[in-house]
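The next block holds one structure in the form of structure tokens; read it before the comments.
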Amino acid sequence: MKKIIQDLNFEQLKQLAAEYGEKPFRAKQLYTGIMQGKKLTEISVLPKAFIQKLLEDYEDAPVTIIKTLVSRDGTEKYLFRLADGNVIEGVFMQYSYGNTQCVSTQVGCRMGCKFCASTLGGRIRDLTSGEILSQVLVVNAMHADGKKRGVTNVVLMGSGEPLDNYQSVVTFIRNLAAEGGINISPRNVSLSTCGLVPEMYKLADEGLPVNLTVSLHNVTDGERARTMPIANRYKIAEILAACANYFEKTGRRYIFEYSLIEGENADDKHAQALCRLLAGKPCHVNLIRLNDVKERKLSAASENAAQNFLQILQNGGISATLRRRMGADIGGACGQLRAGYLSGQ
């Protein structure tokens, strides 16, 4: 596979243009074209000879959309093909406050969470920062309206564990926020982790005030380990300490995701235990009714059970919301579209 030009920031592109014998303004034209989601061969202001030189070393398009599914609620789900033939996926969701894109950070995942389709085939490889960024660029180009961005918020919640691909993800966030580029602030970025504690501490020192979201999904280490193997490595107490450090360093409250799974973690007892666990902490709980993953044989809690769980948390003084189910009719859960594609469905 050739190199990914979207891995480079503007200063690096200026150096690249000089190495190819081009004037500095060509770097600006190149950068602008890339940020508009164009292939190298679509940046018509560049000399053809320059483009041909670039194509000897760099991919024309590191990420292309090969399939789009549109939900009844307007959610769009994309299957992306990478230059090496691997496939990943992403989701585009429209809200009153803006448009959110969910991006992948790895091809597959090795965390093994039993409610997630992303882990079904394990981790194939990490994505580069430019491959992560390119997902945003191509979708933004589809939805942009004049000078208005099509994508206003980004969540790192697609295939892969973001903190398992730490350096590429941090570089992506910096390049996403760069002035003159797509310029999406880290404050509009949410990073979801299953709880890689050392990397959570590192992230707190990066100076990137992203919204840290931790997949919790249960209230004791033993129960959590039934669906999340990572619980055998890092305890809930360690995760809570890392979250407290993140708040101290960034001033940003942290978020816990809690998927309500029938017969597993969605009864009154678990809701009351969650209240005790999080009492007084500067956090928010995002309750999720699981999108069913047939390979995992786990089912979402009923709407009544979800509403009851939410009420117990709110009555217990815990900031909490129940996430609106989006894309359930198109396989909205992480990894479902890719899994179906790989199995020939």
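Given the structure is predicted, the values throughout are model-derived calculations rather than measurements. FYI, the numbering just counts along the sequence from 1.
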[X] side chain to [Y] main-chain N or O, any donor-acceptor pair under 3.5 Å?
| X | Y | value |
| --- | --- | --- |
| D267 | H270 | yes |
| S215 | C194 | no |
| E161 | L163 | yes |
| Y58 | K53 | no |
| D268 | F309 | no |
| N175 | N9 | no |
| N232 | P229 | yes |
| N165 | T105 | yes |

For the student: nearest non-hydrogen atoms of [X] and [Y], plus distance:
| X | Y | answer |
| --- | --- | --- |
| Q6 | L133 | O-CD2, 3.9 Å |
| Y254 | A244 | CE2-N, 4.2 Å |
| S168 | S129 | O-CB, 3.3 Å |
| A301 | A305 | CB-CB, 4.2 Å |
| R224 | Y234 | NH1-O, 4.1 Å |
| A61 | A83 | O-CB, 4.4 Å |

If only side-chain N and O atoms count, and only distance matters, is there a donor-acceptor pair under 3.5 Å linking [Y] with [X]?
| X | Y | result |
| --- | --- | --- |
| N315 | Q311 | yes |
| N211 | R252 | yes |
| N99 | N153 | no |
| T128 | D7 | yes |
| T75 | D73 | yes |

Answer yes or no: is there a side-chain heavy-atom contact under 4.5 Å between [X] and [Y]?
| X | Y | value |
| --- | --- | --- |
| K14 | Y31 | no |
| L8 | I5 | yes |
| L30 | L46 | yes |
| V63 | Y78 | no |
| E264 | R226 | yes |
| N286 | Y258 | no |
| T68 | L79 | no |
| T64 | F80 | no |

Point to revise | cation_pi(K77, F92) dist<6.0 Å, angle<=45 | key: no

Tell me whether [X] is salt-bridged to [Y], with the criterion being a basic N under 4.0 Å from an acidic carboxylate O.
| X | Y | answer |
| --- | --- | --- |
| D84 | R125 | yes |
| K67 | E89 | no |
| E56 | K2 | no |

Exercise for review: In sequence, state the C-alpha distance, the side-chain angles, and the governing distance for K249 and D205, and then conclude on salt bridge (Lys or Arg N to Asp or Glu O under 4.0 Å).
Suggested key: CA-CA 7 Å; K249 294 288 181 65; D205 293 327; 2.9 Å; yes

Review point. Please walk me through it: do Q106 and D126 pass side-chain hydrogen bond (donor to acceptor under 3.5 Å, both in side chains)?
Key: CA-CA 4 Å; Q106 296 174 311; D126 291 337; 2.9 Å; yes

Review point. When you look at V155 and V103, which way does the side chain to side chain contact (heavy atoms under 4.5 Å, CB included) test go after all the steps?
Key: CA-CA 6 Å; V155 293; V103 301; over 6 Å; no

Say you draw a straight line from [atom1] of [X] to [atom2] of [Y]; how long is it, rounded to the nearest 0.5 Å?
| X | Y | atom1 | atom2 | answer |
| --- | --- | --- | --- | --- |
| L290 | S259 | CG | OG | 5.5 Å |
| C275 | L313 | SG | CG | 4.5 Å |
| Q36 | L137 | CD | CG | 10.0 Å |
| N265 | T227 | CG | OG1 | 7.0 Å |
| R253 | Y246 | CZ | OH | 13.5 Å |
| L82 | L127 | CG | CG | 6.0 Å |

Check your understanding: Going through the checks in order, is the side chain to side chain contact (heavy atoms under 4.5 Å, CB included) test met by L212 and I255?
Key -> CA-CA 6 Å; L212 179 64; I255 300 167; over 6 Å; no

Revision key, fill the gap. The side chain to side chain donor-acceptor pair (under 3.5 Å) partner of H143 among Q101, E76, Q94 is E76

Check your understanding: Run the side-chain hydrogen bond (donor to acceptor under 3.5 Å, both in side chains) check on H217 and E223 step by step: do they pass?
Key -> CA-CA 9 Å; H217 306 312; E223 289 183 315; over 6 Å; no

Point to revise | Step-by-step side chain to side chain contact (heavy atoms under 4.5 Å, CB included) determination, V154 to T100 | key: CA-CA 5 Å; V154 173; T100 296; over 6 Å; no

Point to revise | ILVMFWY cluster, M35 and I4 together (side-chain gap under 4.5 Å) | key: no

Practice item. Taking atom NZ of K235 as the centre, report whether more than 12 heavy atoms of other residues, nucleotides or ligands fall under 6.0 Å from it. Key: yes

